[in-house]
There are 2 protein chains.
Amino acid sequence: MSNENIFYPHVSVDCVVFGFDGEKLKVILIERTINEQNELYNDKKLPGSLIFSEEDLDVSANRVLTELTGLKNIYLSQFRTFGSPDRTKNPRDVLWLENTTKLKIGRIITTGYVAMVKIDRKLQFNSDTTTAKWHDVAEVAKMSLAFDHNEIIQWGLKHIRNQVEIQPHLLFELLPTKFTISQLRTLYDVINQVKSDVRNFQKKVAQMPYVVALDELEKGVPHRAARLYRYKK
Amino acid sequence: MSNENIFYPHVSVDCVVFGFDGEKLKVILIERTINEQNELYNDKKLPGSLIFSEEDLDVSANRVLTELTGLKNIYLSQFRTFGSPDRTKNPRDVLWLENTTKLKIGRIITTGYVAMVKIDRKLQFNSDTTTAKWHDVAEVAKMSLAFDHNEIIQWGLKHIRNQVEIQPHLLFELLPTKFTISQLRTLYDVINQVKSDVRNFQKKVAQMPYVVALDELEKGVPHRAARLYRYKK
DNA sequence: TTGAATATTGTATAAATTACACTATCAATA
DNA sequence: TATTGATAGTGTAATTTATACAATATTCAA
């Protein structure tokens, strides 16, 4: 094996954090400003950054997420690594990288992580120049994000679909503590891109021992109030 | 974000290539010899190596697999990236790395790929010092492999289990062109760690339009010969 | 009181999964 | 050539799971 072709790529992590507002699937993006020949250009990217020297990849994903969004103790699940040299083919991305890292960067290999969090959790961040905000996943698909972040989000979405099929418990990460069956169904449908039958869905929920009915109804709705449920264990 | 903690890890790929001998699940390992204070030490590792400078990760996995096993045009599917700094905590592994790469290596982040190939494919290799051979997956689990390769194999195994559930077609990658239902069932059972009922399995196969019966029986068996089938499309 | 909006509930049918045991075939050998 | 050992091959009933489908209940607001 010859050595002259071996070099030292940079390694980063990117977090695809999903939320649910009761109606639509959301994802956290960070605003990015690039100073391009004294013209300021704004676009959006996933929360992500280079890993530290002796830092475990999973640990790094948690650190970066906290630094850029303020979210702590989030379960992050690795789903795929993106390693095309074309990831840095856009000069705007390279410019931004070199400005923010003060490093000369040839290529970056990034590992994607997904998380599912309750959308009412507060987003905070260290830096003055980045702002983490929720965006509609459907809207984001039409936007042009930094690097290959559109592609990363699609893979992340695919990943949570698979995850949720194996572990339906994960759905409750996205719902408020108290929720209606209707919210649960909407979430299920939006993730799986289906339209479930109301009665059959009720039946399905009824045989989930970990979804327990509360003695409480939703409030402030201009129609019959739905019963609230919570997730147990 | 401070820069002093950012550095340039090495990036590699490792291939977990599964085969099936009609009875047991197999995996390709490479023999490794380490010269430790003039004592030769032998052990085994997955086929894997550092990526090249401008090489796509997927392309790299294919190149490395061909270089180390002679296998060409294999469909490799990425399943997980291993990024613990502890991956190089064994001095023996570091010694081997530095001898083979002539590089000073602190840590290596590796991306795992799986492949499923017919076990009768010929294994060939460039180097005089490595030999690729099939090993029982069950036996390998009891061996101590290089780096975290035991762990990588377990993740790979989990991955093909999921894959095969979604895409039962993949099973036929592991079988000879002509196979018996009994072989198919044994393979199914060994991958899913179950014991399927013979009659129910026949029923299941009967409703797979892509498994077609041949007008041919197996030969050289000291009992009633089973009908041969092949995979179509 | 009425209408608008959403919540809640059951039954019949079809499809998929599971459990279960005897006969058929062939080669080796007595 | 009869017997034995080893594996192939086959069907039915019961259970579980998935699907299709519509009328009544509750609440708020007009």
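Proteins come first, then strands; the chains are lettered A, B, ... in the order of their sequence lines, and each starts at number 1.
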### Query
Separation of A/Glu23 atom CD from C/dT6 atom P, in whole Å?
11 Å
### Query
Yes or no on side chain to side chain donor-acceptor pair (under 3.5 Å) for B/Asp189 and B/Ser196, after CA distance, side-chain angles and deciding distance?
CA-CA 7 Å; B/Asp189 286 1; B/Ser196 346; 2.3 Å; yes
#### Entry: Rounded interatomic separation in angstrom, taking CZ from A/Arg199 and P from C/dA12
13 Å
### Message
Tell me the interatomic distance from A/Leu217, atom CG, to C/dA7, atom P, rounded to whole angstroms.
### Response
12 Å
### Message
Does anything in residues 176-195 of chain A come within less than 4.0 Å of DNA chain C? Heavy atoms only, and list the residues if so.
### Response
A/Ser182
### Message
Whole angstroms only, please: what is the CD-P distance between B/Gln202 and C/dT17?
### Response
16 Å
#### Entry: Evaluation steps, ring-ring contact (aromatic ring centres under 6.0 Å, His included), between A/Tyr231 and A/Phe179
CA-CA 9 Å; A/Tyr231 171 67; A/Phe179 53 87; 8.2 Å; no
### Query
What's the CG-C1' distance between A/Asn200 and C/dA12, to the nearest Å?
12 Å
### Task
Please check if atom NZ in B/Lys118 has more than 12 non-hydrogen atoms from other residues, nucleotides or ligands closer than 6.0 Å.
yes
### Task
Ignoring hydrogens and angles, tell me if any N or O in the side chain of B/Arg227 forms a donor-acceptor pair with the backbone of B/Thr180 under 3.5 Å.
no
### Message
Assess, by modelled atom type and distance only, whether the side chains of A/Ser49 and A/Ser12 contain a donor and an acceptor separated by less than 3.5 Å.
### Response
no
### Query
So A/Asn62 and A/Tyr113, side chain to side chain donor-acceptor pair (under 3.5 Å) or not? Walk me through it.
CA-CA 9 Å; A/Asn62 272 285; A/Tyr113 284 79; over 6 Å; no
### Message
Closer than 4.0 angstrom, basic N to acidic O: yes or no for B/Arg161 and B/Glu165?
### Response
no
### Rounded distance (Å) that lies between atom P of C/dT17 and atom CG of B/Asp197
13 Å
### Task
Kindly state which residues belonging to residues 218-233 of chain B come within less than 4.0 angstrom of DNA chain C, counting heavy atoms of the residue only, listed by number.
B/Val221, B/Pro222, B/His223, B/Arg224
### Query
What about A/Lys203: does its side chain form a donor-acceptor pair under 3.5 Å with the base of D/dT17?
no
### cation_pi(B/Arg92, B/Tyr41) dist<6.0 Å, angle<=45
yes
### Task
Indicate whether any N or O donor in one side chain lies under 3.5 Å from an N or O acceptor in the other, for B/Glu31 and B/Thr131.
no
### Task
Identify whether any heavy atom of B/Lys204 sits under 4.0 Å from a base atom; if not, whether one sits that close to sugar-phosphate; answer base, sugar-phosphate or nothing.
nothing
